[in-house]
Structures are given as structure tokens and as C-alpha cells.
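Taking it in order: structure first as C-alpha cells, then the write-up.
Numbering of ligands and ligand atoms starts at 1, following listing order. All residue numbers refer to positions in the sequence shown, counting from 1.
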Amino acid sequence: MKGTAMKMEHLQYLACPSCRSDLTVNKGHPGPDGRLETGELRCVRCLATYPVEKYIPRFVPRENYASSFGLEWNTHARTQYDSYTGVNVSEHRFFDETKWPRDLKGQTLLEVGSGAGRFTEQAASTGAMVVSLDYSYAVEANYQSNGKKDNVLIVQGTVYSLPVRTDFFDKVLCIGVLQHTPDVKRSFLSLAPHLKPGGSLVIDVYRFNPWMWCFLPRRWVRLITKRMDPHRLYRWCDKYVRATWGLSGWVNQHVPLGRLVNCWALIADYRGVFNLPDHLHLQWAILDTFDSLSPRYDTPQSQRTVRRWFAEAGLQKVYVARGYNGIVGRGEKPPA
Ligand SMILES: C[S@@+](CC[C@H](N)C(=O)[O-])C[C@H]1O[C@@H](n2cnc3c(N)ncnc32)[C@H](O)[C@@H]1O
């Protein structure tokens, strides 16, 4: 059975997050499509067990500090997908940030913090074997979009204890994620050990700008909203963005620096930036307003700090500069 073989094959990418040994399927049988819907993985050495639920191996509890992202990405499972919007925003960002070739057949790629999986879609399009991980139950949304592809394995786990093999992956990608983890430096340093010698790491992270940081209302509003029940906050963002949508459109068009004004009013308005129909702009705005107010952690970094981390991780051919999400960083593990 091809599907069963695939599932067993997937074990070669995983490792026990506690002792780094191999895992085996302990309980559960593959369904008619050959995939394991529910079951259990077990470490061959320390005998720790990890459930498989809804086809996804779970190495952390389903609910955790990142649950607002679980809600966000299950509500907006397709909003930012190129294959849904018809524009190539994610494709452009993925290949421009990584500088990886379009054909990565025969290579392995680890994506950390995949959210709904708009970049998993891009990674899978290269033909690489993609292991895509997220801490939140956003993995369930990603599974619906990408999980049935033969070259994608989706797992729920944390960057702090990645349940995958070390010195193994040709490519490691972590974009849109690091600022949302409690210890950004530790998160960054957890990535490189999983690269094989000569492998390439790409990250991005919000850029620290003291002026913007002090005077952006978002920063102050977040003191309250990051503690709110995510469902309640989402309902608030939805109502607020819909109620002000006409006004923010007018501001965007007629007021100098209108987009900045909207940003101060907590509205992520991309009209005039992306070529989308209005209803998609509205969805995108609700998503991004919630995204900016809900995360428990939001800690931007300076370029100098990021450069220092790349050096500390022992990476070479390092490039750190202003980019899509603030700062983009690339580096390679030295060849063996
Ligand atoms: C803003 S979203 C970005 C998702 C995706 N990379 C994108 O750009 O569309 C940040 C993601 O980081 C994940 N995340 C937060 N802490 C994490 C951790 N400790 N380990 C792995 N992922 C984490 C969240 O669950 C969330 O899905």
C-alpha cells in the first residue's frame, strides 16, 4: 500500500523531542487512504509516547500560548493563499526571501511556524520533501490544504524542542514566527542544529524601531488585547474593521500617508498595495488586525542582534538586511 509506506517513510524525518532517538508507530492503523488518522508514536529508547490526532503527530498539547494563532488560521485557512486569491504574494515573498531555486526535488525542507500553510504550499511546489511544524492547532488548517500531498508531513510541535532529526535538512525556513515566541534568541538558535552541513537557513523577524515602537497605538492596545479571550477579540476586530471599512478606504485614497493613518487606527488596509477584490481585502484586513493585537508575544529585533545570532549559530555566508517582515536573514551551515 503506497499510503502506508508513505506514513512509515515519514518516520525517518522525525525524532523524539526528549532524547532524539527514532520513533515508531505504537498504536493505530492507517485508514483507507493509507494515512494514520489516530494512533500513537513511541520513542524506541526513552519510550515516551506522542499521540496522532486528525492525521497529525502531536508533540505538544493542542492548546497553548499560541492558541490565538490556532483560531486565526482556522478562521482564515485560505485567506492568504495564492491559490485562493489568484495573486502571487506568497510565492514572491517565499522565493525572494529564500533565494532558493524553484526545483528542490530530492531535498528535505523543514518549515517552522507554518500557520495556515501559505508558505507550505510554496515549499511543496518545489518538489522537496517538506516537514511543516507549528506550535498551535493551526496545523489542522494546514493539513486540510497541504497535508494530503505526498511530499508534505505536518506536525504540531515547538521550536524549542523540534521533533525532527538533527544535521538532516537541506533547508530550514522560519518566517513570520520568531517575534511571536517567548525567547527569540533561543528560538533562533534551535533551528541550525537541524541543518545538514552545507544546508541553508532563512528567517525573518520584525525590526525594532524605537520611534514606531513607542508611538504605535498597537503597542499600548496590545497590553490589554494580548490577554483577552481570542474568540472575543476576534469578534471585536471583525466588527471594528467592517464598521470602519468605508472610512478607512476614503482615508487610504484621500489623506496623505493614509495607509499609515489607518495603521495607527489599527486597520491593516492593503487596498492599493495588492491587486485583490474588495471582499478579499476586507478579509485580509480583519485577519491582520487580529494578528497584530492577539499574539501573546511580539518582540522585534535589531539587525545587529540578528547578525550576532547567525555568528553564534556558527553559520557562514550570512546575509542580514531590511526585508519583507522587517529583517530577513540567511546563512549556511559550513560543509562537513
Ligand atoms: C504570524 S504566524 C506566521 C505563520 C506563517 N509563517 C505565515 O507567515 O503565514 C506565527 C506562527 O508561529 C507559530 N509559533 C509561535 N510560537 C511557536 C513555537 N514555539 N514553535 C513553533 N511555532 C510557533 C504560531 O502558532 C503561528 O502560527
Ring centroids only, cut at 6.0 angstrom: are His76 and Tyr234 within range, meaning strictly under it?
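Ring-ring flag for His76/Tyr234: true, centres closer than 6.0 Å.
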So, do Phe310 and Phe188 have ring centers that fall under 6.0 Å from each other?
yes
Should you measure from each heavy atom of [X], which atoms of ligand 1 turn up under 4.0 Å away?
{"X": "Tyr65", "value": "15 (C), 16 (N), 17 (C), 18 (C), 19 (N)"}
{"X": "Thr181", "value": "16 (N), 17 (C)"}
{"X": "Ser136", "value": "25 (O)"}
{"X": "Thr158", "value": "18 (C), 19 (N), 20 (N)"}
{"X": "Gly115", "value": "4 (C), 27 (O)"}

Between Val159 and ligand 1, is there a nitrogen or oxygen pair with a distance under 3.5 Å?
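The answer is yes, given that Val159 and ligand 1 share an N or O pair closer than 3.5 Å.
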Please confirm whether Glu111 comes within less than 3.5 Å of ligand 1 when only nitrogen or oxygen atoms on both sides are compared.
no
Taking all atoms of both residues into account, what is the closest heavy-atom pair of Arg330 and Asp96, and its distance?
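In this case the closest contact between Arg330 and Asp96 is NH1-O, 3.9 Å.
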Please work out, at 4.0 Å between heavy atoms, whether the side chain, the backbone, both, or neither of [X] comes within that distance of ligand 1.
{"X": "Ala116", "result": "neither"}
{"X": "Asp291", "result": "side chain"}
{"X": "Tyr135", "result": "both"}

Winner among Gly176, Gly113, Ala66, Ser114 once heavy atoms are compared against atom 6 (N) of ligand 1
Gly113
Give me the nearest non-hydrogen protein atom to [atom] as residue plus atom name, then the distance to 0.1 Å.
{"atom": "atom 8 (O) of ligand 1", "value": "Phe119 CE1, 3.3 Å"}
{"atom": "atom 11 (C) of ligand 1", "value": "Asp134 OD2, 3.8 Å"}
{"atom": "atom 26 (C) of ligand 1", "value": "Phe69 CG, 3.4 Å"}

Here's a test for you: under side chain to side chain donor-acceptor pair (under 3.5 Å), which of His180, Arg218, Gln179, Arg219 qualifies with Asp298?
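The residue from His180, Arg218, Gln179, Arg219 that satisfies side chain to side chain donor-acceptor pair (under 3.5 Å) with Asp298 turns out to be Arg218.
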Ignoring hydrogens and geometry beyond distance, is a side-chain donor-acceptor pair present between Thr158 and Tyr65 at under 3.5 Å?
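Side chains of Thr158 and Tyr65: no pair found under 3.5 Å.
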So Lys196 and Asp170, salt bridge (charged side-chain N to carboxylate O under 4.0 Å, His left out) or not? Walk me through it.
CA-CA 6 Å; Lys196 65 159 65 152; Asp170 296 282; 3.0 Å; yes
Examine Arg102 relative to Phe95 and say whether NZ or CZ is less than 6.0 Å from the centre of the six-membered ring and inside a 45° cone about the ring axis.
yes
